[in-house]
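Just below is one structure, and these are the notes that go with it.
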Protein chains: 2
Amino acid sequence: MATTLADVAARAGVSPATVSRVLNGNYPVAAATRRRVERAVDELNYVINGHARALAASTSDMLGVLVNDMADPFFGVMASGIQSAAAAGGLLAIVCNTDGSPQQELTYLKLLQRQRAGAVVLTGGSVEDPEHNRAVASQLSLMSAQGCRVVLCGRPPMRELDAAAAPSVATVTFANREGARALTAHLIALGHRRIGYVTGPAERTTTRHRLEGHRQALADAGLPDDPRLVAAGDYSRASGYDAALELLRREPGVTALVAANDTMALGVCAVLRERGLRIPEDVSVAGFDDLPFSLDAAPSLTTVRVPLRQAGEQAGKLAVGSRPMPPGGLLTLPTELLVRRSVGPAPERSTED
Amino acid sequence: MATTLADVAARAGVSPATVSRVLNGNYPVAAATRRRVERAVDELNYVINGHARALAASTSDMLGVLVNDMADPFFGVMASGIQSAAAAGGLLAIVCNTDGSPQQELTYLKLLQRQRAGAVVLTGGSVEDPEHNRAVASQLSLMSAQGCRVVLCGRPPMRELDAAAAPSVATVTFANREGARALTAHLIALGHRRIGYVTGPAERTTTRHRLEGHRQALADAGLPDDPRLVAAGDYSRASGYDAALELLRREPGVTALVAANDTMALGVCAVLRERGLRIPEDVSVAGFDDLPFSLDAAPSLTTVRVPLRQAGEQAGKLAVGSRPMPPGGLLTLPTELLVRRSVGPAPERSTED
DNA sequence: CTGAAAGCGCTTACAG
DNA sequence: CTGAAAGCGCTTACAG
C-alpha cells in the first residue's frame with residue numbers, strides 16, 4: 001500500500017542500504033547518489049515506517065508523559081514545558097491522562113513500555129498507597145533497566161525503587177511545605193487566628209505536604225491545630241465550594257480561608273460572595289499554584305507560586321538527557337509567596353464563644 | 001536485553017505462534033496451554049514489543065492530536081475530550097503542540113504518518129494561508145488514503161482536500177458566527193453604540209468567523225463598522241491588555257469592549273481596573289469560549305459558551321470510529337450566549353465629539 | 001562510497 | 001488446537 005524504502009531504492013537505482021543511509025544522514029554517501037535518492041523520495045512521497053525503524057534500530061523517539069488531567073492548567077502548563085524540552089531533544093511527547101487513577105497509571109506505563117518509550121515523566125503528586133507504589137516502582141525499575149529514562153515531576157522521590165534503578169531516576173519537586181508555611185505565617189502576621197483550611201484529596205503527597213506546611217506555621221505561632229478548621233476537597237472548584245460551606249457552618253468565626261490550590265480557592269470565593277461576605281474585609285482567601293487565572297480573580301488571589309513550566313522544562317531535559325543529573329537525582333524548585341488583594345488584616349471581632 | 005515472545009515460548013514449551021495467539025486472544029487456544037503461557041509471561045515479566053507488533057500486523061493503536069498550545073484550557077479541555085474517547089476506543093492519544101506554527105503542524109503530521117497513526121485530529125482554528133492549506137490538505141489526503149482517519153475539530157471543513165479523501169474526513173465545528181452575533185446583539189440591545197472589538201490573530205478561521213458575527217450584529221442594527229473600534233490581539237491575555245489600551249486611546253468613548261476570547265477579556269478587564277473604570281457601570285466587557293475561569297472573573301464574564309469537551313469527545317469518537325459519520329461529514333455544535341455580570345446597560349454619556 | 005545479507009520481534013496464512 | 005515458515009520494513013555489521 002504505502003511505498004517502502006525498497007521502492008525508493010528501486011526508483012533511485014541503488015540498494016536499500018544506501019537509501020537508509022541517505023535518510024539517516026549518519027554515513028557518507030556520494031553527493032550525486034544522495035540527490036538521486038532524495039528525488040525518488042520526493043517523487044514517491046515516501047515516509048519512513050517508524051515502527052520498522054524502531055524495531056530494526058531498537059530505538060524509540062517517544063517520551064511518555066503521565067498527567068492526572070490535561071484540562072487542568074496545573075498539568076497543562078507542566079506538560080507543555082515537558083513537551084518543549086522533548087521536542088528540542090527530538091522526542092515525540094505522548095501525553096496520557098490517568099484521571100488520577102492508580103489503575104490507569106499502571107496501564108499507561110505498560111503501554112509505554114510496549115512502545116519502548118525512550119523516557120517517561122510522571123507528573124503531579126503521587127498517591128500514598130504502599131501497594132500501588134510498590135507496583136509502580138517495580139514497573140519503573142523494569143523500564144529503567146531496559147534503558148528508559150524515568151523522571152518524576154512535582155512529586156517526591158520514590159523510596160520503593162530497586163537499588164539498581166534508583167540512581168538513574170531523577171526527581172523534580174516543589175518546596176510545597178515551605179510555601180504553605182510562608183502563606184499561613186503571612187496570614188497569622190496579619191492577625192488571623194481562626195484560619196480554615198481546604199485540603200486536596202487524601203493520600204496524595206502534594207496534599208499532605210501543603211497541609212504540613214500550614215500546620216507548621218500554626219505551631220510556629222503557638223496556635224492550636226483544630227481539626228474542625230480543616231475540610232477535605234479534591235482540588236476541583238466544586239469541592240472548594242463545598243468545603244467552604246462546611247467550614248463556615250462549623251466555625252462561622254473564621255477570618256481566613258486557605259485552599260490547597262487556586263482552583264478550590266475560586267470555589268471558596270464564590271461561597272463568600274454568595275453569602276455577602278467581602279474579601280478580604282470580612283474573610284481573607286488564599287490559594288496555591290499561581291495558575292494564570294489567579295491574577296484575574298475577584299479580588300486577585302494571594303497565592304504561592306509554583307514554577308510549573310520550569311519544572312516541566314527541567315523534567316523534560318532530564319528525560320531527554322540534555323541536562324545533567326542533579327546531585328542525588330533531586331531538583332527542588334522553590335515556591336514563592338505572592339501577596340495580592342484577597343488577603344487583608346483580620347477584622348476586629350467581638351469575642352464570641 | 002528485554003525478553004521476547006520467543007523467550008516466553010521457550011519457557012512455556014510452545015511455539016511463538018501460540019504465545020502470540022494467547023496474547024491477542026483472537027484465536028482458540030487450549031485452556032491448559034493458555035495457562036502455561038500466561039504463567040511464563042508473568043514469570044518473565046514479558047511485555048510485547050509494540051513496534052514489532054505494529055510492523056507485523058500493520059496496525060497502529062495511536063491517535064495523534066494536534067493542538068496550538070496545551071497549556072491553554074481551550075485546547076486542554078478539547079484534547080481531554082478527545083483522549084477520553086480514544087481511550088474508550090483502545091487508542092493511545094498522542095498530543096502534539098504546534099505552538100500555532102504551520103511549519104510544526106506539517107512536521108507533526110509527517111511524524112504521525114511515520115508512526116502509521118490510526119487517526120489524527122487537528123484542533124483549533126486553521127490558518128488561512130492558501131499555500132499552507134494546500135500542503136496540509138495533500139498531507140492529510142495522503143494519510144487518509146493510507147487508512148488514517150482524519151478529523152478536524154474546531155475549524156471549518158477543508159476545501160483543498162483530494163476528491164478521494166474529502167468524503168472520509170470528518171469535521172466538528174462551532175457556530176462561532178452565530179455566537180458572536182448574538183453577543184454583540186445583546187450589547188446593542190442594552191444601548192451600546194460604540195463597541196470596541198479585540199480580534200484574535202489574523203488569518204485564522206476562528207478569528208474571522210467571530211469578527212464576522214460581530215459585524216453582522218452591527219449591520220443588523222444599522223450601526224457603522226468603524227475600523228478604529230477594532231484592534232488585533234493574538235488570544236493571549238497580554239494581547240488583550242494591549243488592545244484595550246489601544247482602543248481606549250483611539251476612542252475614549254467606548255461603552256463596551258468585546259474580546260474574541262475569554263483570555264483576552266481578562267486582559268481587557270485588567271486595563272479597565274487600572275484606569276479606575278468600573279465594569280460594567282462604566283464599560284461593559286464580554287469574552288468568548290466560557291473557559292472555566294470566566295465564571296470567577298471580576299465581575300463574572302458575559303461570554304459565549306463553546307462546547308469544547310463535547311466537541312473533543314465527538315471528534316474522538318469519529319476518529320476511533322465509534323460514532324458514525326454525520327451527514328456531509330460535518331457536525332456543527334451550537335454556541336450559547338451566557339449573560340453574566342460584566343455586561344450592563346450602556347451608561348448615559350454627554351455627547352462628546 | 002556501496003551492496004548483499006542477516007536480523008530486529010512480532011503476526012498470520014498454510015498445514016496438519 | 002498447534003507449529004513451521006514467510007514476511008512486515010527497516011538498520012547495520014561485514015565485505016569490497
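Here is how names work: the chains are called A, B, and so on, in the same order as the sequence lines, proteins then strands, and each is numbered from 1. Please read these numbers as outputs of a predicted model, since none were measured by experiment. All heavy atoms count here, side chains included; hydrogens, waters and symmetry mates do not.
In DNA chain D, runs of at least 3 stacked Watson-Crick or G-U pairs (N1-N3 plus N6-O4 or O6-N4, or N1-O2 plus O6-N3, all under 3.5 Å) give these stems: C:1-3 with D:14-16, C:5-12 with D:5-12, C:14-16 with D:1-3.
Comparing C:dC1, D:dT11, C:dG9 by their closest approach to the side chain of A:Pro28 singles out C:dC1. For A:Thr18, the listed nucleotide lying nearest its side chain is C:dG3; candidates were D:dT2, C:dG3, D:dT11. Residue B:Leu5 places its side chain closer to C:dT11 than to any other of D:dT12, D:dG9, C:dT11.
Put simply, B:Tyr46 has no side-chain N or O that comes within less than 4.0 Å of OP1 or OP2 on C:dG9. Contact between the side-chain N/O atoms of A:Thr4 and the OP1/OP2 oxygens of D:dC8 is not found at any separation under 4.0 Å. Checking the phosphate oxygens (OP1, OP2) of D:dG9, no side-chain nitrogen or oxygen of B:Ser58 falls inside 4.0 Å. When the side-chain nitrogen and oxygen atoms of B:Ser15 are compared with OP1 and OP2 of D:dG3, one or more of them lie within a distance under 4.0 Å.
Between the side chain of A:His51 and the main chain of B:Gln115, a donor-acceptor pair closer than 3.5 Å is present. Side-chain N or O atoms of A:Asn133 include one that pairs as donor or acceptor with a backbone N or O of A:Val127 at under 3.5 Å. Formation of a donor-acceptor pair under 3.5 Å by the B:Thr205 side chain with backbone atoms of B:Ser126 is found in this model. With hydrogens and angles disregarded, a donor-acceptor distance shorter than 3.5 Å links the side chain of A:Asp72 to the backbone of A:Phe74.
C:dA6 and C:dT2 are spaced 23 Å apart, taking the P atom of each and rounding to whole Å. Between C:dG9 and C:dA13, the distance separating the two P atoms is 23 Å to the nearest Å.
Here the C1' atom of nucleotide D:dC10 and the CZ atom of B:Arg116 are 11 Å apart, to the nearest Å. In this structure, A:His51 places its NE2 atom 12 Å from P of D:dC10, rounding to the nearest Å. In this structure, B:Arg34 atom CZ and D:dC1 atom C1' are separated by 11 Å, rounded to whole Å. Separating the CG atom of A:Leu55 from the C1' atom of C:dG7 is a distance of 9 Å, rounded to the nearest angstrom. Atom CG in B:Asn24 sits roughly 16 Å away from atom C1' in D:dT2 (whole-Å rounding). Protein atom CZ of A:Arg36 is 14 Å distant from nucleotide atom P of C:dC1, rounded to whole Å. At whole-Å resolution of the value, CG in B:Asn49 and C1' in D:dC8 are 13 Å apart. For the pair B:Asp7 CG and C:dC8 C1', the interatomic distance rounds to 13 Å; values are reported in whole Å.
Residue A:Gln139 forms a side chain to side chain donor-acceptor pair (under 3.5 Å) with just one option from A:Glu105, A:Gln113, A:Arg134, and that option is A:Gln113. Among B:Val41, B:Asp42, B:Val22, the single residue meeting the side chain to side chain contact (heavy atoms under 4.5 Å, CB included) criterion with B:Val8 is B:Val41.
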Does the side-chain contact (heavy atoms from CB on, under 4.5 Å) test come out yes or no for A:Ser20 and A:Leu5, once each step is laid out?
CA-CA 8 Å; A:Ser20 173; A:Leu5 187 144; 4.2 Å; yes

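For the pair B:Ala30 and A:Leu23, nearest-nucleotide mapping onto DNA chain D gives the more 5' position to B:Ala30.
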Check the interface with nucleotides 13-16 of chain C: list each N/O to N/O pair with the protein under 3.5 Å, or write none.
unit_1 : atom_1 : unit_2  : atom_2 : d
C:dA13 : N6     : B:Arg21 : NH2    : 2.9

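A:Asn24 and A:Arg53 form a side-chain donor-acceptor contact under 3.5 Å, judged by distance and modelled atom types alone.
Between B:Glu313 and B:Arg309 there is a salt bridge, with a side-chain nitrogen of the basic residue lying less than 4.0 Å from a carboxylate oxygen of the acidic one.
Among residues two or more places apart in sequence or in another chain, the side-chain hydrogen bond (donor to acceptor under 3.5 Å, both in side chains) test is passed with A:Ser144 by A:Ser168.
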